[in-house]
Amino acid sequence: MINVLNDVKKIKAERLISIASVKNDDGNYTVYYHFSWDKKPEIRQFSIEVKKGDEVESIMELFENAALLEGEMTELFGIKFIGNPYSGKRIFLAEEGGKKCTPPFIQ
Amino acid sequence: MHTTIYPIGPQHPSLKEPIFIKLHVDGSRIIKAEFNLGYAHRGVEKCSEGYLLDSALHAVQRTCGICSQCHSMAFLRTVEPMANIQPPTKVYLQRLVIAELERIHSHLLWAGIMAHEIGLDTLFMYYLKQREHVLDAFDELTGNRVHHSCDVLGTMKRSFGKKEIDFLLEKLQTIEPEITELRRVMEKNEVIVSRFKKHGMITKKLATELGLVGPVARASGINYDVRQNDPYMAYAIKELKVKPVIRTEGDAWARSIVRCDEVFESMRLIRKACEMIDPNEEIPKKKNLFAKDGSGFGRVEAPRGENFHFVTIKNNKIARLKLRTPTLANVLSYSRILENESITDVPVIVMSLDPCISCMERVAVIKNKKEEIWTSHELFEGKKHD
């Protein structure tokens with residue numbers, strides 16, 4: 001499991017804007033976290049490299065709105081987030097014949 | 001205690017877009033609320049992959065039917081620095097005018113639907129009548145009433161001349177007294193006040209915990225508006241500084257008043273911007289642009305709150321596009337604020353958050369009559385639905 005919680009705590013951000021993943025040429029992923037503050041005109045980007053099959057620590061403990069953002073990453077890219085009840089659940093994509101479809105962005 | 005499950009949706013008379021809300025009720029009191037998404041997923045993110053920036057902009061603008069300009073502005077705010085281009089001030093001012101008109105149109109539509117939800121259908125008609133004037137202004141300025149599609153990289157498709165600006169100012173003149181009266185109704189009418197006040201309470205603490213954005217957060221006392229906190233394009237001009245509308249009550253009524261007051265703030269910004277636009281100035285023609293490889297991000301204030309785009313470019317084409325729309329940021333609050341409310345107040349509370357489901361889900365399988373699935377190529381080539 002990749003630990004991110006401590007690094008994210010150091011940023012001392014007030015808001016989590018978004019979590020996005022990008023598939024790299026070597027088949028691994030980069031997960032980007034974007035944070036902001038209510039008063040500062042700044043967005044801080046924090047990224048981690050995730051190998052295929054790696055699991056990532058959820059940051060729901062710090063930011064509750066990570067729930068759906070991380071869940072979406074699991075659904076689209078197959079990256080599992082430990083400690084997030086939405087990770088692995090169906091959120092946006094339709095089920096086909098009662099089965100979850102393959103994450104579309106890893107095809 | 002015996003609880004019953006009461007399903008609302010995905011198709012329901014009180015919902016304007018498909019979402020499934022599962023309520024656990026004891027009598028008419030809600031014990032627990034769960035929501036289920038994914039009925040309007042359209043694949044804008046996946047569709048845009050592998051396309052040039054101009055083509056991707058075409059798809060991005062169609063993410064939402066209500067706030068299409070905000071999506072194109074967020075995308076342009078992200079990719080224009082990557083393509084190393086700085087549009088002239090007139091282009092920025094024109095974009096501001098369209099974005100603020102869109103805010104007026106979005107808030108009027110919302111206010112109308114909100115009145116419809118509590119049975120005040122006459123008020124709904126009054127709001128929609130005013131919205132029609134705004135759509136006429138869009139028609140005059142951009143040539144389109146709903147999906148404006150007026151932005152291109154580095155410039156805009158049309159330059160506003162004297163005729164267009166006069167038409168717009170005349171329309172604003174027409175709607176202002178009417179909207180002032182409608183705001184008074186929203187504030188004072190006994191039916192509205194009794195249905196909205198103290199319902200759907202969101203405290204400042206809860207709003208901070210869930211990271212809520214837009215008028216929902218501002219009605220709970222959080223001073224967070226991207227136009228003010230992180231000014232972009234024409235909002236960075238001193239005269240066009242935004243004064244956010246803040247209220248502290250945190251209920252459905254406060255959210256309504258925040259939206260009503262934002263309409264007046266938008267009108268002020270449009271008038272100011274129209275003064276600054278030079279009708280005789282020409283805007284640059286469209287050029288083919290090349291963007292550097294890499295990733296970028298940008299955000300704008302859409303009518304519903306902060307709209308964030310993350311773009312990765314490879315070989316001048318989109319490699320990955322991620323949209324974080326304001327409704328996605330606000331959707332987690334549904335289950336929290338519906339608890340302990342009465343089942344009759346569900347439409348009012350859900351509508352007071354101004355949900356835009358298709359904006360939130362961003363990806364559907366588009367089928368024609370023969371039940372064939374459209375490929376993204378056909379979508380971009382503009383094959384008509386026959």
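Just so it is clear, the model here is predicted, and its values are computed rather than measured. Per chain, numbering begins at 1; letters A, B, ... match sequence-line order.
A salt bridge does not link B:Glu49 to A:Lys23: none of the charged side-chain nitrogens sits closer than 4.0 Å to a carboxylate oxygen. With respect to the salt-bridge test (charged N to carboxylate O, under 4.0 angstrom), the residues A:Glu72 and B:Arg324 do not qualify.
Between B:Tyr224 and A:Ser36 there is a side-chain heavy-atom pair separated by less than 4.5 Å. Residues A:Lys39 and B:Asn223 form a side-chain contact, since some pair of their non-hydrogen atoms from C-beta on lies under 4.5 Å apart. The shortest side-chain heavy-atom distance between B:Lys322 and A:Leu69 falls under the 4.5 Å cut-off. Under the 4.5 Å side-chain criterion, counting only non-hydrogen atoms from C-beta, B:Asn229 is not in contact with A:Trp37. Counting heavy atoms from C-beta outward, B:Glu209 and A:Phe63 have side chains that stay 4.5 Å or more apart.
Atom CG of A:Asp38 is separated from atom OG1 of B:Thr208 by 7.5 Å, given to the nearest 0.5 angstrom. With values rounded to the nearest 0.5 angstrom, A:Ile17 atom CD1 is found 4.5 Å from B:Arg299 atom CZ. Residue A:Leu16 holds its CG atom at 12.0 Å from CG of B:Leu210, rounded to the nearest 0.5 Å.
With hydrogens and angles disregarded, a donor-acceptor distance shorter than 3.5 Å links the side chain of A:Arg15 to the backbone of B:Leu212.
Within a 6.0 Å radius of CD in A:Glu42, more than 12 heavy atoms belonging to other residues, nucleotides or ligands are found. Applying the 6.0 Å contact sphere to NZ of A:Lys9 captures more than 12 heavy atoms from other residues, nucleotides or ligands.
When heavy atoms are compared at a cutoff of 4.5 Å, A:Met60 does not approach chain B at all. Within the 4.5 angstrom heavy-atom criterion, only side-chain atoms of B:Val331, from C-beta onward, approach chain A. Of the two parts of B:Ser295, only the side chain, counted from C-beta on, holds a non-hydrogen atom closer than 4.5 Å to a non-hydrogen atom of chain A. Proximity to chain A (any heavy atom under 4.5 Å) is restricted, for B:Glu306, to the side chain, taken from C-beta onward. Interface remark: A:Ser21 contributes backbone atoms only to the contact with chain B (heavy atom separation under 4.5 Å).
Between A:Leu76 and B:Glu45 the shortest heavy-atom distance is CD1-OE1, 4.2 Å.
Seen from the ring of A:Tyr32, B:Arg320 does not count as a face-on cation partner, given the 6.0 Å and 45° thresholds.
Taking chain B as the reference chain and counting heavy-atom pairs below 4.5 Å, the highest number among A:Ile19, A:Ile43, A:Leu62, A:Leu68 is found for A:Ile43.
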